[in-house]
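Inspection log for the structure reproduced underneath, given as structure tokens.
These numbers come from the heavy atoms of this one structure, side chains and all, not from hydrogens, waters or symmetry mates. If you read the sequence from its start, that first residue is 1, and numbering goes on from there.
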Amino acid sequence: MMATGHQVVGITFGVGALTLLPQLVPHADEPLSAVFFLGFVLFGSLLPDIDMPNSKLGHKFWRGLLTLFTLAFTIYLFVPRYLDLYREELKVFLMLLLPVLLMIRSHRKMTHSLLFVGMLIGYSWFIEEWLNIQWFYLSGLIIGVVSHLSADYLTKRGIPLVYPFSSKHKRFFITFRTGSAIEKAVVYSLVLWNIWYINLIF
């Protein structure tokens, strides 16, 4: 599915979680919290495609990562003492970045599997405990990732659900091609559904 479609599906999942799973997303009744939550959902809805350098999120991620490494290397060459000042912060950054770098090998592999979702849940729990980040926002990220996998599960190509145990792509019994007229019709229908549903509950 295209990036815009993934975002629409993500919003659909996010709004559904806010209204149907209040125990999963506390503070859902607070407008600002709901907006932040949906922001994390939108990010999560694009996250699995970070393994594609030419994807919307992947392009920005790799360009930003290259910028950071270039900056760090320049500092190391000319003013290495500054790296010692921020050694702990660099450890935290690398620790957060390491799982993403390890998972990225090729498109629709690790980041499109159930293992990725499981690892993300475990890693989110670790981040919540260590950095004291509210689970409310991390759950939005996970819901966004699940929405992405669900959308790609409906495409002709499918996804490798049980990777790395099997690279075979699984798909729903009704599928459509990425970027096809059917995908666009599904996306437009979800946009209308979201507008109607949001007006209904608010």
Side-chain angles (χ1 to χ4, degrees), residues 1-22 24-28 30-69 92-105 107-155 159 178 183 186-187 190-191 194 197-198:
M1 186 172 272
M2 306 296 286
T4 303
H6 278 303
Q7 290 176 312
V8 171
V9 174
I11 287 293
T12 305
F13 272 62
V15 171
L18 285 172
T19 55
L20 303 175
L21 301 171
L24 182 65
V25 283
H27 315 300
E30 300 173 13
L32 188 58
S33 292
V35 170
F36 277 117
F37 170 79
L38 290 175
F40 274 80
V41 170
L42 283 173
F43 180 75
S45 71
L46 297 176
L47 184 61
D49 280 346
I50 202 171
D51 58 3
M52 276 184 68
N54 60 343
S55 70
K56 182 176 287 190
L57 184 60
H59 175 68
K60 293 178 181 178
F61 172 79
W62 290 110
R63 186 172 59 183
L65 188 61
L66 182 62
T67 302
L68 283 174
F69 276 122
V92 172
F93 173 73
L94 290 173
M95 195 169 204
L96 293 174
L97 188 63
L98 185 61
V100 176
L101 295 178
L102 289 176
M103 291 176 195
I104 296 171
R105 294 185 179 182
H107 186 46
R108 288 205 188 187
K109 292 296 184 185
M110 178 67 82
T111 60
H112 285 71
S113 68
L114 293 175
L115 180 61
F116 178 67
V117 177
M119 292 179 73
L120 189 61
I121 291 171
Y123 205 65
S124 294
W125 176 83
F126 176 76
I127 291 174
E128 178 198 21
E129 293 293 318
W130 192 41
L131 300 180
N132 199 29
I133 296 174
Q134 292 186 48
W135 176 254
F136 175 64
Y137 301 118
L138 296 170
S139 66
L141 184 72
I142 294 165
I143 288 169
V145 170
V146 171
S147 78
H148 184 109
L149 269 59
S150 300
D152 279 349
Y153 185 65
L154 296 173
T155 63
I159 56 174
T178 300
E183 178 184 323
V186 170
V187 171
L190 287 177
V191 169
N194 287 333
Y197 188 66
I198 291 171

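Nearest heavy-atom pair across V145 and F116 is CG1-CE2, 3.8 Å. In this structure, M2 and T178 approach most closely via the heavy-atom pair SD-CG2, 3.7 Å. Across I142 and S124, no two heavy atoms sit closer than the pair CD1-OG, 3.9 Å. When every heavy atom of H112 is checked against every heavy atom of P48, the shortest pair comes out as CE1-O, 3.3 Å. Nearest heavy-atom pair, S147 versus S45, reported as atom, atom and distance to 0.1 Å: OG-CB, 3.8 Å. For G14 against F37, the heavy-atom pair with the smallest separation is O-CE2, 3.6 Å.
Applying the ring pair (Phe, Tyr, Trp, His ring centres under 6.0 Å) criterion to F40, with sequence neighbours excluded, gives Y137. For L154, the side-chain contact (heavy atoms from CB on, under 4.5 Å) partners are F172, F176, not counting sequence neighbours.
To the nearest 0.5 Å, the span separating CG on L18 from CZ on F13 amounts to 13.5 Å.
Side-chain contact between V41 and I11 is absent, with no heavy-atom pair separated by less than 4.5 Å. L120 is listed as a side-chain neighbour of L141, based on a closest heavy-atom distance under 4.5 Å. At least one side-chain heavy atom of H6 sits under 4.5 Å from a side-chain heavy atom of D49. Residues L149 and T111 have side chains not in contact (no heavy-atom distance under 4.5 Å, counting atoms from C-beta outward). No side-chain heavy atom of L47 sits less than 4.5 Å from a side-chain heavy atom of H148.
Between the side chains of Y197 and T12, no donor-acceptor pair of N or O atoms lies under 3.5 Å.
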